[in-house]
Amino acid sequence: MNETALKELLYKMADDQLIIGHRNSEWTGMGPLLEEDIAFSSMAQDKVGQSHALYQILHSLGESEPDTIAFTRNAEQFHNCTLTELPNGEYDFSLIRHFLFDTAEAIRFELLTESSYTPLAQLAKKIQGEIRYHTMHANTWIKQLGTATEESISRLQSSLDKALPYALGIFEPSPYEQELIADGIFPGEEVLKEKWTSRITEILSQTSLQLPDLNSIEPEFGGRTGKHTEHLQPLVEEMSEVFRIDPGAEW
């Protein structure tokens, strides 16, 4: 098994979960409805917990402690896709991002339940229930607001158009793509993208939203290799502030 390839996969997955978890946590006390306030807070907690579990696997492979990995790196050392680091914006953008990202994550973890790397397969099976709730939440609101008023449909469509180039960045090919596939660790980003396209098309077809031709969109790549937007470093500094004050604190 190619350990370098495995670590690269684990880092990008863990960093995705950590960064989107912190973005979702920013809705705490700010949600448009009380139930949405609670829902985004709950999902944020799940995702930070999932990142911790992935960092623990990395630690078992010789990497630093989870807290050290999460809170002592600069933005260019993170491997999250840039979709996760964008500011929350209005609720329509956060909802669209939630829908696009969590659909991909749900499929990624479904595929990983068959991974040849047992710790990752076991974790994927363990957290499927949490992720199933996340996608059910996103799909419910996309269908509801995507068929509601002219304004809600227009705002969601605008956010969908804005988010899609970044969402395609989720599937930025790994330099170890063939090794991951050959070792049976993960079937690859192209397989994930095809399944994601099919699933979001199915959901969006039940709304008044229009999915543009994805082949006509230039993906926002770079996040997987440390090339991020200007929004990540301030977020990293904010989320690591407590650790820098008290490195012995537990999370």
Side-chain angles (χ1 to χ4, degrees), residues 1-21 43 45-70 73 77-84 100-136 138 167-202 214 219 221-227:
M1 182 172 293
N2 186 320
E3 192 168 289
T4 301
L6 174 60
K7 287 182 179 179
E8 192 267 347
L9 175 65
L10 290 167
Y11 264 113
K12 71 181 181 184
M13 290 173 58
D15 289 348
D16 273 353
Q17 302 301 87
L18 180 66
I19 298 303
I20 195 66
M43 289 186 288
Q45 189 173 29
D46 288 345
K47 291 186 182 305
V48 173
Q50 291 160 12
S51 74
H52 186 252
L54 290 162
Y55 290 136
Q56 282 185 313
I57 295 177
L58 280 163
H59 183 48
S60 74
L61 294 170
E63 298 297 292
S64 300
E65 294 278 354
D67 283 359
T68 303
I69 298 174
R73 290 177 295 161
Q77 296 171 296
F78 277 76
H79 303 275
N80 58 286
C81 62
T82 52
L83 177 68
T84 60
L100 297 173
F101 176 78
D102 283 296
T103 300
E105 282 303 282
I107 300 167
R108 186 185 295 277
F109 280 104
E110 286 171 15
L111 294 170
L112 287 170
T113 61
E114 304 296 327
S115 175
S116 62
Y117 184 60
T118 302
L120 189 52
Q122 290 175 335
L123 177 63
K125 292 172 184 173
K126 181 180 178 181
I127 65 178
Q128 272 196 310
E130 291 177 351
I131 298 175
R132 192 175 299 117
Y133 163 75
H134 298 178
T135 54
M136 181 178 69
L168 293 175
I170 295 172
F171 315 106
E172 184 173 350
S174 163
Y176 306 103
E177 204 74 15
Q178 294 310 312
E179 287 88 342
L180 291 167
I181 295 170
D183 287 346
I185 296 172
F186 182 62
E189 297 298 329
E190 191 59 35
V191 171
L192 174 59
K193 181 185 172 185
E194 288 177 10
K195 291 180 177 293
W196 173 82
T197 301
S198 174
R199 201 166 296 183
I200 64 167
T201 299
E202 177 190 350
L214 297 182
F221 286 160
R224 302 307 192 191
T225 56
K227 299 180 181 67

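- Annotation for Pro187 and Val191: closest pair O-CG2, 3.6 Å, computed over non-hydrogen atoms.
- For the pair Ser115 and Ala121, the tightest heavy-atom approach, listed with the atom from each and the gap, is O-CB, 3.7 Å.
- Between Ile170 atom CD1 and Glu105 atom CD the span is 7.0 Å, to the nearest 0.5 Å.
- At a threshold of 4.0 Å, the pair Glu172-Lys193 does not count as salt-bridged, since none of the basic side-chain nitrogens sits closer than that to a carboxylate oxygen.
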Check against side-chain contact (heavy atoms from CB on, under 4.5 Å), Ile69 and Tyr11: CA-CA 10 Å; Ile69 298 174; Tyr11 264 113; 3.6 Å; yes

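- Between Leu192 and Phe186 there is a side-chain heavy-atom pair separated by less than 4.5 Å.
- With rounding to the nearest 0.5 Å, the separation of CD1 in Ile127 from CZ in Arg132 is 11.5 Å.
- Here the shortest heavy-atom pairing between Leu6 and Ile185 reads CD1-CG2, 4.0 Å.
- Judged by distance alone, with hydrogens and angles left aside, the side-chain atoms of Asp16 form a donor-acceptor pair with the main-chain N or O of Cys81 at under 3.5 Å.
- Thr113 contributes a side-chain N or O that, together with a main-chain N or O of Glu110, makes up a donor-acceptor pair within less than 3.5 Å.
- Remark: Met136 CE to Asp102 CG distance equals 12.5 Å, nearest 0.5 Å.
- At a threshold of 4.0 Å, the pair Glu189-Arg224 does not count as salt-bridged, since none of the basic side-chain nitrogens sits closer than that to a carboxylate oxygen.
- Asp15 contributes no side-chain N or O that, together with a main-chain N or O of Phe78, makes up a donor-acceptor pair within less than 3.5 Å.
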Checking side-chain contact (heavy atoms from CB on, under 4.5 Å) for the pair Asn2/Leu180: CA distance, chi angles, key distance, verdict? CA-CA 8 Å; Asn2 186 320; Leu180 291 167; over 6 Å; no

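- With rounding to the nearest 0.5 angstrom, the CZ atom of Phe101 is 8.0 Å from the CZ atom of Arg108.
- Glu177 places a side-chain N or O within donor-acceptor distance of the main-chain N or O of Ser174, the cut-off being under 3.5 Å.
- For the atom pair Asp183 CG and Gln178 CD, the distance stands at 11.0 Å (nearest 0.5 Å).
- Looking only at distances, a side-chain donor or acceptor of Lys7 sits under 3.5 Å from a matching main-chain atom of Leu61.
- Formation of a donor-acceptor pair under 3.5 Å by the Glu63 side chain with backbone atoms of Tyr55 is not found in this model.
- Salt bridge status for Glu202 with Arg199: absent, with no side-chain N to carboxylate O gap under 4.0 Å.
- No side-chain heavy atom of Phe221 sits less than 4.5 Å from a side-chain heavy atom of Lys227.
- Atom CD1 of Ile181 is separated from atom CD of Glu179 by 9.5 Å, given to the nearest 0.5 angstrom.
- Taking both residues in full, the closest heavy atoms of Leu100 and Ala167 are given as CD1-CB, 3.9 Å, listed atom of the first, atom of the second, then distance.
- For Gln45, the CD atom is loosely surrounded, since the number of other residues' heavy atoms within 6.0 Å does not exceed 12.
- Scanning all heavy atoms of the two residues, the minimum distance from Thr84 to Asn80 falls at OG1-ND2, 3.1 Å.
- Within the 3.5 Å criterion, the main-chain N or O of Leu168 finds no donor-acceptor partner in the side chain of Trp196.
- Shortest non-hydrogen contact noted between Pro219 and Gly169 is CB-N, 4.5 Å.
- Counting only heavy atoms from C-beta outward, the side chains of Tyr117 and Ile57 approach each other to under 4.5 Å.
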